[in-house]
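Below: one structure, written as structure tokens.
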Amino acid sequence: MEQMSSTGRPVQITVTDGYDLKGFKGETPVTFIRAEFNQMVLGDSAKVMVSAEGTAKYNFTSSFEFNPEGGITLDDIAHKPVFLTMTEVLPKEKKQKDEKTLILGQAVVDLLPLLEGESSFETMAPLHPVPGSPLEPLRLSVKQCSLEVKVFVAEPLLTTAQILGGNLLKVTLEAAYSVPESFIPVGPLQNYMVGLQVPSVGEKDYSILFKNGTLKLGGEREPVPRPKKWPIANILAPGANNIPDAFIIGGPYEEEDGELNRPEDREFRNQAECIKKRIIWDLESRCYLDPPAVVSFQKRIADCRFWPVEITRVPLTIAPKGKAAKFDKADDESQLSFHGVAYVNMVPLLYPGVKRIRGAFHVYPYLDSTVYEKTKCSFSLFRDTGHNLVQNNKIGGINSPLSKPAVSKNVKEDKTVKEKDIEGKPRPGDMQPPSIKSQSSDTPLEVEPPLSHNPEGQQYVEAGTYIVLEIQLDKALVPKRMPEELARRVKEMIPPRPPLTRRTGGAQKAVSDYHMQVKNISRAILDEYHRMFGKQVAKLGSDMDSETLEEQKCQLNYELNCSGKYFAFKEQLKHAVVRIVREKYLKTTSFESQEELQTFISELYVFLVDQMHVALNQTMPDDIQGTVPTIYTSSEQLRLFAFEAEVNENFEMAAVYYEERLVREPQNLEHWLDYGAFCLLTEDNIKAQECFQKALSLNQNHIQSLLLCGVLAVLMENYEQAEIFFEDATCLEPTNVVAWTLLGLYYEIQNNDIRMEMAFHEAFKQLQARMLQAQIMKQRSIGTVEYIEEGGKVEESSLGPWGITNGSSATAIKVEAPADDFLEESSKLQSDSREHIISTQSQDPTISQKPSNILLKEMPVKKETSKCQDSSTVLYPSPYGVSQTPATIFMETIRFLMKVNAVQYVQRVLAHELLCPQGGPSCEYYLVLAQTHLLKKDFAKAEECLQQAAQMDYLL
């Protein structure tokens with residue numbers, strides 16, 4: 001890795017010009033600029049008179065020294081801006097010794113581009129007026145007074161390795177809603193604080209603190225969008241508190257990543273965010289993560305999953321004048337009250353391509369054993385750094401990183417804490433119970449302390465307090481493969497079939513034109529014959545002998561030659577013959593030898609005569625021969641014949657029918673899919689894989705072909721190819737429930753729990769959105785829709801990730817079983833109907849990708865099947881006559897697999913459906929299970945399953 005220079009590097013801030021400026025007195029006030037950064041004054045500009053047009057040239061340069069080894073660091077640059085304060089110098093009055101000054105406004109310069117690899121940038125910083133200033137406030141219709149600022153460093157602050165491997169973490173704390181009733185705005189001033197820790201430089205932790213929350217009584221909803229604010233106090237101009245181009249947008253509860261995102265939580269959240277008390281911060285804090293910190297951050301998320309976010313209340317203290325006051329540590333700890341914690345699931349940040357999570361998270365009382373059990377964190381940000389917090393808890397204090405406390409002498413020397421650099425003295429009640437294991441050892445802790453109690457923190461639970469938090473990264477921790485890369489990989493594995501030549505259609509048209517000309521000429525000759533011999537033929541009838549016919553033929557030839565009609569017929573046919581030569585035989589150049597020419601003419605003559613006979617037979621069928629014409633069978637009829645042969649276990653005849661379809665229409669993708677499904681039935685996986693790959697080569701964007709190629713790749717243990725197929729299918733059709741479910745099953749086989757959770761959640765989200773859309777459309781059609789984006793309410797049974805439920809949420813269950821149990825052989829019997837494979841249609845609505853830590857959610861919907869469900873539901877018509885209830889993600893996948901006879905893969909999906917905690921197996925589950933037993937010729941178990949299904953639905 002490139003090493004950053006150990007010496008400090010100056011960062012120059014130059015204010016060149018000011019525009020649309022005004023003063024308190026006079027049209028041409030005298031002003032100067034003061035630059036400040038990190039609570040330090042960088043310098044004052046010269047006093048400059050503002051012109052009558054409101055412009056001023058300052059050309060003022062100030063600088064500070066960036067030194068990663070001490071002083072101003074990358075974290076300071078990340079979350080602290082440069083403040084430019086404009087001050088007006090008033091004219092001296094008589095007998096006045098010193099000049100009087102009045103502050104006009106403040107401008108804010110965000111240094112974030114320096115952390116994006118830039119060495120210089122320019123910006124037009126708005127000048128925000130202080131209260132009572134004559135400067136115009138920021139409005140769309142009024143010109144905004146502003147300063148032109150240039151920032152420059154001699155070389156980029158980040159090396160190439162830091163730019164590629166580092167990351168920028170942004171944490172936005174919006175508010176805490178439904179706070180305890182004991183929080184009242186009267187009485188002693190309180191500092192409401194929220195904090196968390198993240199790795200910053202290598203393994204060292206960085207504390208992110210949000211102070212000075214504002215307690216509100218409620219009564220109205222917080223407006224959106226609203227600006228995010230700097231986590232810094234003592235900003236003179238109110239408008240300068242806002243971070244440029246950073247806003248809290250909000251959004252539907254269902255699209256959040258937190259814990260209160262189910263439809264049944266909507267009413268509570270509406271009340272909490274409109275009526276009940278809340279604490280507002282709206283602060284964004286940033287932290288630069290260097291490459292080792294990114295690795296550590298990613299590892300901690302994978303190991304701990306949940307991240308503790310602490311909340312507390314501390315009385316505000318007035319900084320004593322003169323000598324600093326002394327604080328006693330015991331008193332400091334007693335000042336912490338209402339110590340709570342929210343557990344934020346950070347795992348979605350490990351999903352491919354995910355850079356942001358936002359949601360509402362319940363606040364629980366801070367108990368050491370519970371926090372350690374959930375987060376593997378034994379360090380409390382507020383309790384173990386209480387001394388520093390109280391010292392820094394002055395009115396108007398700046399939000400800066402906390403210093404680390406020294407190691408307590410009472411802690412054993414051999415005790416180490418891997419994930420934290422801070423150790424504190426253990427107190428009675430802070431130890432973990434024996435069931436909790438140490439982070440640095442697999443052995444349980446030996447001490448068995450009494451349980452801790454936090455009655456003040458318990459009030460958070462009783463009030464239903466939750467915080468709304470957003471965590472955003474500049475780059476995803478796990479990059480997502482681009483659709484172009486996936487398409488390229490699929491193309492490499494299965495090259496697309498070369499398109500047929502453009503002349504193929506022209507050849508067919510040329511032959512049909514030749515047939516048409518032959519028919520026209522034959523009609524013209526018959527008309528001429530009837531004109532010449534019509535009366536004679538009518539007179540003689542069937543008594544005409546061969547000599548008479550020969551004589552009529554000679555006379556007809558003579559008449560055609562003499563009248564020029566024979567030549568006209570040849571010219572009429574000439575163009576059609578030329579087209580056949582060019583389009584059918586692709587001959588457009590001269591022949592190299594006379595022999596080659598004669599050979600071609602002979603071949604062409606035979607073809608033209610044969611085609612002439614075909615055309616004449618179509619025009620004038622030979623009734624005398626009385627031959628039975630060949631019965632033409634359509635492709636659909638052949639499919640039905642093949643299905644009948646399957647039912648009768650005549651697999652050889654079924655293969656003949658399927659192959660006949662392929663011979664007739666080799667470019668028909670559906671024929672290849674049908675034949676591949678038949679090969680799966682006969683356990684010929686290799687041939688089935690070839691068929692599905694042929695179908696995919698015809699259309700590499702066909703979702704079902706991709707999914708079936710992935711299924712066969714899993715069965716053939718080509719796991720790398722399977723991942724490409726499944727992932728490409730989810731990229732091409734992000735709303736496809738079956739594609740996401742199959743991807744999750746693949747990750748389960750690979751023991752990748754995080755990505756399995758991601759895929760199953762996305763599948764459920766798409767199923768949930770589709771069924772909600774169907775419900776809304778039905779209600780709109782009958783004029784009873786009551787669902788509203790914010791605040792609507794619909795009541796019915798609930799939907800979990802496996803389908804309709806009536807219970808509460810539960811956790812996802814991972815199925816563990818030997819591969820042989822899932823990939824068992826199927827017999828060569830197809831006893832149930834199977835319809836033609838149909839293409840999966842795109843489903844609405846299109847939902848942006850959003851991961852979540854909760855796999856099981858609930859959602860009210862009517863018990864009906866959406867028409868959008870047709871693309872991935874049963875092929876057999878209304879399976880066994882079961883009433884259509886909303887499917888689960890696993891049952892939809894089972895239907896897709898059963899229609900292609902992928903019974904070997906169905907066993908794994910049935911295991912997930914069986915472990916559904918909401919009510920056990922369904923009627924359709926028993927029907928599918930019965931079908932799998934029938935395929936194995938296990939009729940006793942099949943009958944037992946059918947009896948179970950009949951008990952659940954007697955209308956079967």
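Hydrogens, waters and symmetry mates play no part in the numbers below; they use all other heavy atoms, side chains included.
If you run side chain to side chain contact (heavy atoms under 4.5 Å, CB included) between Thr741 and each of Leu767, Ile889, Asn736, Leu707, only Ile889 comes through. Checked against Leu349 for a side chain to side chain contact (heavy atoms under 4.5 Å, CB included), the options Asp257, Val478, Ile357 give a single hit: Ile357.
The backbone N or O of Ala677 lies less than 3.5 Å from a partner atom in the side chain of Asn901, making a donor-acceptor pair. Formation of a donor-acceptor pair under 3.5 Å by the Asn668 side chain with backbone atoms of Glu670 is found in this model.
For the pair Leu477/Ile301, a side-chain contact is recorded, criterion being any heavy-atom separation below 4.5 Å from C-beta on. Contact check for Val928 versus Met898: side-chain heavy atoms found under the 4.5 Å cut-off. In this structure the side chain of Tyr747 reaches within 4.5 angstrom of the side chain of Glu723, judged on heavy atoms. Using a 4.5 Å heavy-atom threshold, the side chains of Phe651 and Asp684 count as separate. Leu742 places a side-chain heavy atom less than 4.5 Å from the side chain of Phe896. Side-chain contact between Gln704 and Lys899: present, with at least one pair of heavy atoms (C-beta onward) separated by less than 4.5 Å. No side-chain heavy atom of Ser705 sits less than 4.5 Å from a side-chain heavy atom of Asn699. The closest side-chain heavy-atom distance from Met758 to Pro352 is below 4.5 Å.
Every residue meeting the side chain to side chain contact (heavy atoms under 4.5 Å, CB included) condition with Gln693, not counting sequence neighbours, appears here in chain and number order: Ile494, Gln689, Cys709. Tyr925 pairs by the ring pair (Phe, Tyr, Trp, His ring centres under 6.0 Å) definition with nothing, not counting sequence neighbours. With sequence neighbours left out, Glu652 forms a side chain to side chain donor-acceptor pair (under 3.5 Å) with no residue at all. For Glu484, the side chain to side chain donor-acceptor pair (under 3.5 Å) criterion is met by no residue, not counting sequence neighbours. Scored by the salt bridge (Lys or Arg N to Asp or Glu O under 4.0 Å) test, Arg269 finds Glu256, Glu273 as partners (sequence neighbours excluded).
In this structure, Lys765 does not pair ionically with Glu254, as no charged nitrogen and carboxylate oxygen lie closer than 4.0 Å. No salt bridge links Asp674 with Arg639; every basic N to acidic carboxylate O contact stays at or beyond 4.0 Å. In summary, Lys694 and Glu690 do not engage in a salt bridge, as defined by a charged side-chain N under 4.0 Å from a carboxylate O.
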Give the table of side-chain donor-acceptor pairs shorter than 3.5 Å for residues 725-732, with sequence neighbours excluded, one pair per line with atom names and distance.
residue: Glu727; atom: OE1; partner: Arg481; partner atom: NE; Å: 3.4
residue: Glu727; atom: OE1; partner: Arg481; partner atom: NH2; Å: 2.8
residue: Thr730; atom: OG1; partner: Glu727; partner atom: O; Å: 2.7

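More than 12 heavy-atom neighbours from other residues, nucleotides or ligands sit within 6.0 angstrom of NZ on Lys475. Atom CD of Glu492 sits in a crowded spot, with more than 12 heavy atoms from other residues, nucleotides or ligands closer than 6.0 Å.
Distance check: Asn718 CG to Leu712 CG gives 9.5 Å after rounding to the nearest 0.5 Å.
Remark: the His933 side chain and the Glu943 side chain contain no N/O donor-acceptor pair separated by less than 3.5 Å. Side-chain atoms of Gln947 and Tyr926 form no donor-acceptor pair, as typed in the model, at a separation below 3.5 Å. Side chains of Glu762 and Gln766: a donor on one and an acceptor on the other come within 3.5 Å. Between Glu659 and Tyr675, the side chains place a donor N or O and an acceptor N or O closer than 3.5 Å (distance only, hydrogens not considered).
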Does Arg661 form a salt bridge (Lys or Arg N to Asp or Glu O under 4.0 Å) with Glu665? I'd like the steps, not just the answer. CA-CA 6 Å; Arg661 298 176 76 208; Glu665 297 179 84; over 6 Å; no
Given side chain to side chain contact (heavy atoms under 4.5 Å, CB included), test Met493 with Ile724 step by step and report yes or no. CA-CA 10 Å; Met493 292 187 293; Ile724 297 297; 3.6 Å; yes
